[in-house]
Amino acid sequence: MKAVVVKKPGEVVLCEMQKPEPPAGFARIKVKAAAICATDLEVIDGNIPASYPLIPGHEWSGIVDAVGDPADAYWLGKAVIGSSDVVCLKCAACRSGNWRYCKEFEEIGFRRDGAYGEYLLAPVYGLCEKPEHIPFENAALCEPLGVALGTLKKVDASFGQSLIIYGAGSIGLCMLAAAKAMGLGKTLVIATTPARLEIARQMGADYTIASRERDVMTEVRQIFPEGADIVVDATGIEECIQNSLKMAKKGGAVALAGYGRGKQMNIRMDDIHINNLRVIGAGNNWNQHATAMRLMAEGKVDLTPFISARISREEFEKGLEMARKRPAGFVKAIFTNE
């Protein structure tokens, strides 16, 4: 099979690989769509622990081509998405649904080969059927949508609550889509890129702020004089996190869903202490991919505006360059095999 492989940090090639054979408990997926995530770039650059050489890619959809256990034959030929979490399913963390706390946790696309190849191996326990009317490329985006759903679940988001989202990349826009599907109230999206803010408006954002053109804190105070119930930082940038702590209302919640790239950051502790804020780290999917698929199937979420480019594996350099440079309006490039 053909696969895009990170030989070592900074060295990415397209090469022929052996088609993987699924062990018991796993299915082999013929990949139909795989989205390029900003986190993949961190793997390529060596900024995230990974097992090299590695086939990246954790946002995917496809068709089950083989199973390792005849008892799982039901899945053969099924169009699916799935969890990229590989866990023991036996420990207390797994039994409570907190797969990411499993001591044996490994993630497809990081410690295990992922979806930049024609085939990947995924655990059967995490598979979810894709309805026929949902395109494979949309289904691949259930992973970032699951991150948004998991984040809002962690902050106990509920109907009618106000929400500020800092950042309009795929995670920030997924937060908006999830918030709208969950019936949250007034929403504000803040970003540097006007083109992405236009997408946010199309997706139902009540307010947007272009942070390079307007004074963010002044604008926020006009929209939310007492602060918002929930603020989600989807940037991982120090200044944005500092501002997020000032935007939440007293007793509100701030979710840190952006990747900080290992940087040390300064915050004003009194912004948390005096205002009794709940500050929550929430940067993972947390088993929400099936819910994400259901919301798409019911027409409550449509991530079609995310798909900025459809490319082949042979065009991987083009896709990675777009993901790095983020031209105006760019959100996602997707490898497609339809």
Side-chain angles (χ1 to χ4, degrees), residues 144-145 147-194 196-260 263-284 286 288 301:
L145 179 58
V147 173
L149 291 167
T151 299
L152 294 178
K153 183 177 181 180
K154 281 183 173 294
V155 296
D156 300 318
S158 60
F159 183 85
Q161 286 188 309
S162 55
L163 172 68
I164 296 173
I165 302 167
Y166 225 132
S170 60
I171 296 300
L173 291 173
C174 277
M175 294 290 173
L176 176 61
K180 289 297 177 180
M182 294 169 64
L184 268 70
K186 192 158 60 174
T187 55
L188 162 66
V189 178
I190 305 167
T192 59
T193 310
R196 285 189 179 178
L197 289 177
E198 176 57 34
I199 296 174
R201 287 188 286 272
Q202 292 172 11
M203 294 175 64
D206 297 298
Y207 303 92
T208 61
I209 298 175
S211 59
R212 288 177 181 167
E213 299 173 4
R214 291 146 70 185
D215 183 82
V216 171
M217 294 307 302
T218 299
E219 296 279 342
V220 168
R221 290 189 184 102
Q222 291 176 352
I223 299 168
F224 299 103
E226 296 182 1
D229 294 305
I230 301 166
V231 181
V232 176
D233 174 73
T235 70
I237 297 171
E238 183 176 19
E239 181 183 2
C240 299
I241 294 171
Q242 291 169 341
N243 285 344
S244 294
L245 297 174
K246 295 179 175 67
M247 294 174 181
K249 69 189 299 184
K250 290 183 182 295
V254 177
L256 304 181
Y259 178 57
K263 295 178 181 177
Q264 296 286 333
M265 299 185 187
N266 294 311
I267 62 170
R268 185 173 178 269
M269 190 64 191
D270 286 350
D271 290 332
I272 301 170
H273 173 72
I274 293 174
N275 293 315
N276 296 316
L277 300 184
R278 288 191 302 138
V279 180
I280 298 165
N284 304 117
W286 298 102
Q288 296 296 307
V301 172

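These figures come from a predicted structure and were not determined experimentally.
Here the straight-line distance linking atom NZ of K154 with atom CZ of R278 works out to 11.0 Å at 0.5 Å rounding. Atom-to-atom distance recorded for R212:CZ and T193:OG1 is 6.5 Å, nearest 0.5 angstrom. To the nearest 0.5 Å, the span separating CD1 on I223 from OG1 on T218 amounts to 11.0 Å. The line from CD1 of I241 to CG of D271 is 13.0 Å long, rounded to the nearest 0.5 Å. Considering CG of L163 and CG of L176, their distance stands at 8.0 Å, rounded to 0.5 Å. Rounding to the nearest 0.5 Å gives a distance of 13.0 Å between OG of S244 and CD1 of I230.
Side-chain atoms of T187 come within 3.5 Å of backbone atoms of D206 as a donor-acceptor pair (strictly under, hydrogens ignored). Checked by atom type and distance alone, the side chain of T151 pairs as donor or acceptor with a backbone atom of A282 at under 3.5 Å.
Nearest heavy atoms, L277 versus G251: CD2-N, 4.3 Å. Contact record, A200 with T208: CB-CG2, 4.4 Å, taken as the closest heavy-atom pair. When all heavy atoms are compared, the tightest approach of G183 to F159 is O-CD1, 3.2 Å. Scanning all heavy atoms of the two residues, the minimum distance from A191 to G167 falls at CB-C, 4.5 Å. Smallest separation of non-hydrogen atoms from A177 and M203: CB-CE, 3.7 Å. Closest heavy-atom contact between P144 and I171: CB-CD1, 3.9 Å.
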Problem set entry | Test log, rule side-chain contact (heavy atoms from CB on, under 4.5 Å), inputs L245 and R268 | CA-CA 9 Å; L245 297 174; R268 185 173 178 269; over 6 Å; no
For this session: For K246 and M217, run side-chain contact (heavy atoms from CB on, under 4.5 Å): C-alpha distance rounded to whole Å, both residues' side-chain angles, the deciding distance at 0.1 Å, then the answer.
Result: CA-CA 8 Å; K246 295 179 175 67; M217 294 307 302; 3.7 Å; yes
Problem set entry | Chi angles and distances behind the side-chain contact (heavy atoms from CB on, under 4.5 Å) call for L188, I209 | CA-CA 8 Å; L188 162 66; I209 298 175; 3.7 Å; yes
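Judged by the 6.0 Å distance and 45° axis criteria, K249 is not positioned over the aromatic ring of F224.
Counted within 6.0 Å of CD on E239, heavy atoms from surrounding residues, nucleotides or ligands total 12 or fewer; the atom is thus considered open.
In this structure, the side chains of N243 and I190 stay at 4.5 Å or more apart for every pair of heavy atoms. Side-chain atoms of N266 and Q242, non-hydrogen and from C-beta on, do get closer than 4.5 Å to each other. Taking 4.5 Å as the limit, every side-chain heavy atom of D233 sits out of range of all side-chain heavy atoms of V254. When side chains are defined from C-beta on, M247 counts as touching V216, because their heavy atoms get closer than 4.5 Å.
By the side-chain contact (heavy atoms from CB on, under 4.5 Å) test, K153 is found to be paired with Q288, residues two or more places apart in sequence or in another chain being considered.
Taking a cutoff of 4.0 Å between a charged side-chain nitrogen and a carboxylate oxygen, D229 and K186 do not qualify as a salt bridge.
For residues 159-177, there are no salt bridge (Lys or Arg N to Asp or Glu O under 4.0 Å) pairs, not counting sequence neighbours.
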